[in-house]
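Everything numeric here is computed off the predicted structure, so don't read it as measured data. Order of the sequence lines sets the chain letters (A, B, ...), proteins ahead of strands, with each chain counted from 1.
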Protein chains: 2
Amino acid sequence: MTDRVRTVRDPDPAQARSLVEEGIERDAVVTLFGRCTVEYDGRAASTLGPGDRLVVLKPDGTALVHTDEGQQPVNWQPPGCTHEPAVEDGQFVIFSERTTPEEFLTVRFEHVDHAGALDGSDPSALDLTGTEADLKERILADPDLVESGFEPRATERDTPAGAVDIYGEDADGNAVVVELKRRRVGPDAVGQLTRYVDALERDLHAEVTVRGILVAPSVTDRARKLLAERGLEFVSLTPDPGTALSE
Amino acid sequence: MTDRVRTVRDPDPAQARSLVEEGIERDAVVTLFGRCTVEYDGRAASTLGPGDRLVVLKPDGTALVHTDEGQQPVNWQPPGCTHEPAVEDGQFVIFSERTTPEEFLTVRFEHVDHAGALDGSDPSALDLTGTEADLKERILADPDLVESGFEPRATERDTPAGAVDIYGEDADGNAVVVELKRRRVGPDAVGQLTRYVDALERDLHAEVTVRGILVAPSVTDRARKLLAERGLEFVSLTPDPGTALSE
DNA sequence: GTCTTCATGTCGGAT
DNA sequence: ATCCGACGTGAAGAC
């Protein structure tokens with residue numbers, strides 16, 4: 001069951017380099033654990049002094065440097081990078097590089113405690129529910145959830161300000177812009193809705209009233225005031241019919 | 001140099017459970033590689049069919065499930081969760097749980113190819129430059145970069161719409177709101193600046209002219225038009241003096 | 001705890 | 001390639 005995994009304990013720099021090089025060659029997920037320093041230069045720049053970290057190299061060109069804390073890596077490179085393992089000044093080093101924008105990551109190991117090349121395959125795709133797309137489906141299946149008599153006319157309708165989540169008409173024939181959010185919203189979402197409503201009013205030559213409705217589970221105080229100031233409306237709705245939050 | 005690392009190849013479920021339990025007990029970073037399925041339920045919900053993945057458990061309660069692609073984990077739990085290794089129906093399983101909000105993650109292994117408990121310490125902090133804070137410092141050190149005669153009066157000045165990055169006065173005594181962005185900005189930043197300017201105009205009782213200036217390396221077309229519509233201004237500046245982008 | 005905003009955000013989709 | 005907005009965004013700071 002396993003020649004899918006090759007690991008080394010306390011490899012010397014040459015051994016580490018060899019395992020990583022072969023791992024990359026074989027499209028394996030490569031893991032390293034040991035004392036290292038990290039330098040990054042690109043969109044921003046950073047340095048990180050010595051410490052024990054877990055480094056992961058993926059066959060798609062991703063690099064991750066994880067400390068013992070936090071969900072996010074302390075340093076990283078996105079997919080599409082080229083990783084170059086090397087021995088320099090007697091140390092095992094990984095150089096990682098990308099272009100557009102140019103970014104460089106260097107991980108320099110004082111000591112490698114453990115190195116692994118993990119070979120596998122992953123045919124499955126994630127199935128996720130409770131997203132904004134689900135909220136949209138929910139409304140299209142029952143537009144009255146927004147307002148009695150609401151009739152969707154288009155989704156992703158283009159305006160000079162961008163695409164509107166749901167565009168439609170109310171019972172009186174007014175244009176309605178609906179902006180969807182899967183979770184509680186703040187002022188930013190009001191800004192978005194404002195831009196769409198303004199753009200549509202311009203587009204429709206002021207012959208039609210354009211209403212803006214923000215649909216989300218709930219809204220912060222500041223956002224509610226902003227909505228009021230700008231004559232926009234709010235409807236409480238979650239992506240999941242089972243979850244009914246108080247407004 | 002190494003009783004800091006304990007690893008097992010092809011552990012049976014009981015061995016995997018034992019190593020993970022001891023690893024958690026010792027505040028180690030635990031890694032697992034093998035064929036597994038993943039279920040998540042919480043703010044949203046997801047299922048993931050069988051595939052080979054790398055699972056990382058951190059002593060702070062973080063869990064990460066990484067496939068062979070992408071910078072982001074396919075599933076995860078944030079810091080503060082409790083991880084419970086178990087053997088169920090002859091399979092090694094990790095249950096992870098958090099509260100506020102309640103979220104559950106279950107990783108069920110068909111086979112574990114490799115398991116490791118990695119013990120280390122990390123005393124170093126990341127030193128990062130090229131951030132919005134650096135851009136702010138740059139301007140405070142030389143306010144003329146925004147405009148000749150500009151005089152900062154406060155940073156993070158509070159308004160009913162939130163805190164303004166830099167608040168000051170121009171050579172004519174007009175109030176100036178400066179919104180900083182470390183990189184090229186889109187319509188969202190204009191919305192932000194708009195909210196601050198509107199709030200300040202209200203606050204200052206329309207006795208003073210309030211100018212809004214967006215400072216960033218560059219701006220998208222749509223954002224530029226929005227700025228023009230709303231009588232706001234743009235100044236091109238990067239966080240790093242060395243990097244001078246064309247507007 | 002909630003609220004607000006920054007981020008080397010990342011990611012996907014459309015142009 | 002850039003632009004735009006969603007994300008189980010995460011993380012930090014203020015209140």
Can I get a per-line list of side-chain donor-acceptor pairs under 3.5 Å for residues 154-161 of chain A, giving both atom names and the distance, sequence neighbours left out?
| from | atom 1 | to | atom 2 | distance (Å) |
| --- | --- | --- | --- | --- |
| A/Glu156 | OE2 | A/Lys136 | NZ | 2.7 |
| A/Thr159 | OG1 | A/Ala161 | N | 3.0 |
| A/Thr159 | OG1 | A/Gly162 | N | 3.3 |
| A/Thr159 | OG1 | A/Gly162 | O | 2.7 |

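For the pair A/Asp122 (side chain) and B/Thr67 (backbone), a donor-acceptor distance under 3.5 Å is absent.
Shown here for A/Phe92 and A/Pro85, the closest heavy-atom pair between the two residues is CE1-CB, 3.8 Å. Taking every heavy atom of both residues into account, A/Leu204 and A/Ala175 meet most closely at CD1-CB, 4.0 Å. Residues B/Arg98 and B/Glu103 approach most closely at NH1-OE1, 2.6 Å, considering heavy atoms. Shown here for B/Val185 and B/Ala223, the closest heavy-atom pair between the two residues is O-CB, 4.0 Å.
One can place CD of A/Glu103 at 8 Å from P of C/dT10, the figure rounded to the nearest angstrom. Regarding B/Asn75, its CG atom lies at a distance of 15 Å from the P atom of C/dC11, rounded to whole Å. Rounded to a whole Å, the CD atom of B/Glu69 is 11 Å from the P atom of C/dC11. Between the NE2 atom of B/His66 and the P atom of C/dT10 there is a distance of 13 Å, given to the nearest Å. Across the protein-nucleic acid pair, A/Gln77 atom CD and C/dT8 atom C1' stand 9 Å apart, rounded to whole Å. For the pair B/Leu226 CG and D/dG5 C1', the interatomic distance rounds to 15 Å; values are reported in whole Å. Computed from coordinates, the A/Asp60 CG to C/dT10 P distance equals 13 Å when rounded to whole Å. Rounded to whole Å, atom P of D/dG8 lies 11 Å from atom CG of A/Asp134.
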Distances under 3.5 Å only, N/O to N/O: pair up the protein atoms with those of nucleotides 11-15 of chain D.
| from | atom 1 | to | atom 2 | distance (Å) |
| --- | --- | --- | --- | --- |
| D/dA11 | OP1 | A/Gln71 | N | 2.9 |
| D/dA11 | OP1 | A/Gln72 | N | 3.2 |

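In this structure the side chain of B/Val235 never reaches within 4.5 angstrom of the side chain of B/Glu147, judged on heavy atoms.
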Sugar-phosphate means primed atoms, P, OP1 and OP2; the rest is base. With that split, encode nucleotides 2-7 of chain C 5' to 3' as B, S or - using protein heavy atoms under 4.0 Å. -SSSSS

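Between B/Arg202 and B/Asp198 there is no salt bridge, since none of the side-chain N atoms of the basic residue sits less than 4.0 Å from a carboxylate O of the acidic one. Classification of B/Arg138 and B/Asp134 as a salt-bridged pair fails, no side-chain N sitting under 4.0 Å from a carboxylate O.
Distance check on atom P: C/dC11 versus D/dA11 gives 15 Å, rounded to whole Å.
Phosphate contact (OP1/OP2 of C/dG9, side-chain N/O of B/Arg183, threshold under 4.0 Å): present.
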